Protein chains: 2
Amino acid sequence: MVTDTATAGRALPHPEREQIRLESVLHALSDPMRLQIVRELAVREAELTCSQFDLPVTKSTSTHHFRVLRESGVIRQVYRGTAKMNGLRRDDLDGLFPGLLDSLLAAADRQSGRLRAGG
Amino acid sequence: MVTDTATAGRALPHPEREQIRLESVLHALSDPMRLQIVRELAVREAELTCSQFDLPVTKSTSTHHFRVLRESGVIRQVYRGTAKMNGLRRDDLDGLFPGLLDSLLAAADRQSGRLRAGG
DNA sequence: ATCGTAGTTTGACATCCATCGTAGTACGAG
DNA sequence: CTCGTACTACGATGGATGTCAAACTACGAT
C-alpha cells in the first residue's frame, strides 16, 4: 500500500529556486488569508502544521491556500506522519530577491498596526 | 491656452494614502503588464501618458490596467488636455510601507536580468 | 483490525479577471 | 464646426479564483 518513499511520505511538487516568479509570489501574498499564514510563519520562525493556523475557512480552502503558497515558492511543505509541516522558504526568497520578504513582512506589520489603531 | 495644472475637466477617484491596502498593491503588481508599467514609471521618474507605454495589448486593456493601478493606490492619474498623465505615488507608498517599493523594483530588475540571461 | 486525526480530492458555484472589439466621449488644432 | 488623437465605456468571453460540502486517503495509536 505504502510506496517506497514511505518515510518521506507523499512527495509534494515545489518549484526550484530559479523557477520562482516574482509575479507568482506577489499574487500568492495578495490574498489576506495567505498573507496571514506567511506572517505567522515568519514570526514563529518554525515549521507549523496546517491545523496550527486559526483560519476562518474550511479545511478544503486551507488546503487550497497552502498549495498556492507552495506552488509559488513561498513556503515548503513536508509530510511528517499525518501532519504536514509548513516552512517559509526564506533562504530561497532572500537569495532571489534580497530584502523583499522583510519589506513585505514589515509592510504587513505596519498595516496591521495601522488598521488596529485607526479602525 | 495651455494651463499649468488645472484642466480639471474629469476627476479621477484615487484612494487616500491611508486607504491604500497592501493586498491591493500586491495584487496590482502581480500582473506582468502592470509590473512592467510600474517599472517603466520608476525608471523614467516622470509622468507618462498611457500611449507612451508599448504594451502588447489593446487600448481597452491598457485602460483597465491603468485603472487597477490607480485604484490600488500605486499610480496617480491626471488629465492634461486629451492626454492622461501617469505618475508613481512614491511618496505615499514610501510613507506607508518604507522600503517596499524599492525592494519590489529591485526584485523585478533582478528577475528581468535573470530571465534575460538564463533564457 | 479499528479508529481518530490530519489533510486531500472532487465537484459545484459565484465571482473576479484579462482580454478583445466596437462604439462613444473629451479635448486641442485648424 | 469639423477632424484627429487619446482615452473610456460597454458587452462579451474564456479562464482563474475563493469558497464550500462531502467523500476519501494516509498515518499513528490503541
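Quantities reported herein were computed from a predicted structural model and do not represent experimental measurements. To find a chain, count down the sequence lines: A is the first, B the second, and so on, and within it residues start at 1.
- Remark: P of dT22(C) and NZ of Lys59(B) are 13 Å apart, rounded to the nearest angstrom.
- Atoms OH (Tyr79(B)) and P (dT5(D)) sit 19 Å apart, rounded to a whole Å.
- Glu23(B) and Gln111(A) share a donor-acceptor pair across their side chains, judged by distance under 3.5 Å alone.
- Here the P atom of nucleotide dT19(D) and the CZ atom of Phe66(A) are 13 Å apart, to the nearest Å.
- In this structure, Asn86(B) atom CG and dA6(D) atom P are separated by 14 Å, rounded to whole Å.
- Residues from residues 22-40 of chain B that place a heavy atom under 4.0 Å from any atom of DNA chain C, listed by number: His27(B), Asp31(B), Met33(B), Arg34(B).
- Note: CG (Leu55(A)) to C1' (dT19(D)) measures 13 Å, nearest angstrom.
- Distances shown here put every side-chain N or O of Thr63(B) at or beyond 4.0 Å from the OP1 or OP2 atom of dC7(D).
- Here the straight-line distance linking atom CG of Leu93(A) with atom OG of Ser72(A) works out to 8.5 Å at 0.5 Å rounding.
- A close approach under 4.0 Å does not occur between any side-chain nitrogen or oxygen of Thr82(A) and OP1 or OP2 of dG7(C).
- Within a 6.0 Å radius of CZ in Arg17(B), other residues, nucleotides and ligands contribute more than 12 heavy atoms.
- Using a 4.0 Å heavy-atom criterion, one finds that Ser62(A) contacts no nucleic acid atom at all.
- If you check the side chains of Thr58(A) and Thr61(A), you find a donor sitting under 3.5 Å from an acceptor.
- Distance Leu69(A) CG to dG18(D) P: 10 Å, rounded to the nearest Å.
- Judged by closest nucleotide on DNA chain C, Met85(A) is the one of Met85(A) and His65(B) placed further toward the 5' end.
- Of the possible polar contacts, none joining the Asn86(B) side chain to the Glu47(B) backbone as a donor-acceptor pair under 3.5 Å is found.
- In this structure, a donor-acceptor pair under 3.5 Å is absent between the side chains of Arg67(A) and Thr63(A).
- Distances shorter than 4.0 Å separate none of the side-chain N or O atoms of Ser60(B) from OP1 or OP2 on dC20(C).
- Arg70(B) has its CZ atom 13 Å from the P atom of dC7(D), to the nearest Å.
- In terms of heavy-atom proximity, Pro56(A) sits nearest to Met33(A) at CD-SD, 3.7 Å.
- When the side-chain nitrogen and oxygen atoms of Ser51(B) are compared with OP1 and OP2 of dC7(D), one or more of them lie within a distance under 4.0 Å.
- Secondary structure note: stems in DNA chain D built from 3 or more consecutive Watson-Crick or G-U wobble pairs under 3.5 Å occupy C:1-30 with D:1-30.
- Residues Pro15(A) and Arg89(A) approach most closely at O-NH1, 2.9 Å, considering heavy atoms.
- Taking atom NE2 on His64(B) and atom C1' on dA18(C), their separation rounds to 5 Å, with Å as the unit.
- Between Asp91(A) and Arg76(A) there is no salt bridge, since none of the side-chain N atoms of the basic residue sits less than 4.0 Å from a carboxylate O of the acidic one.
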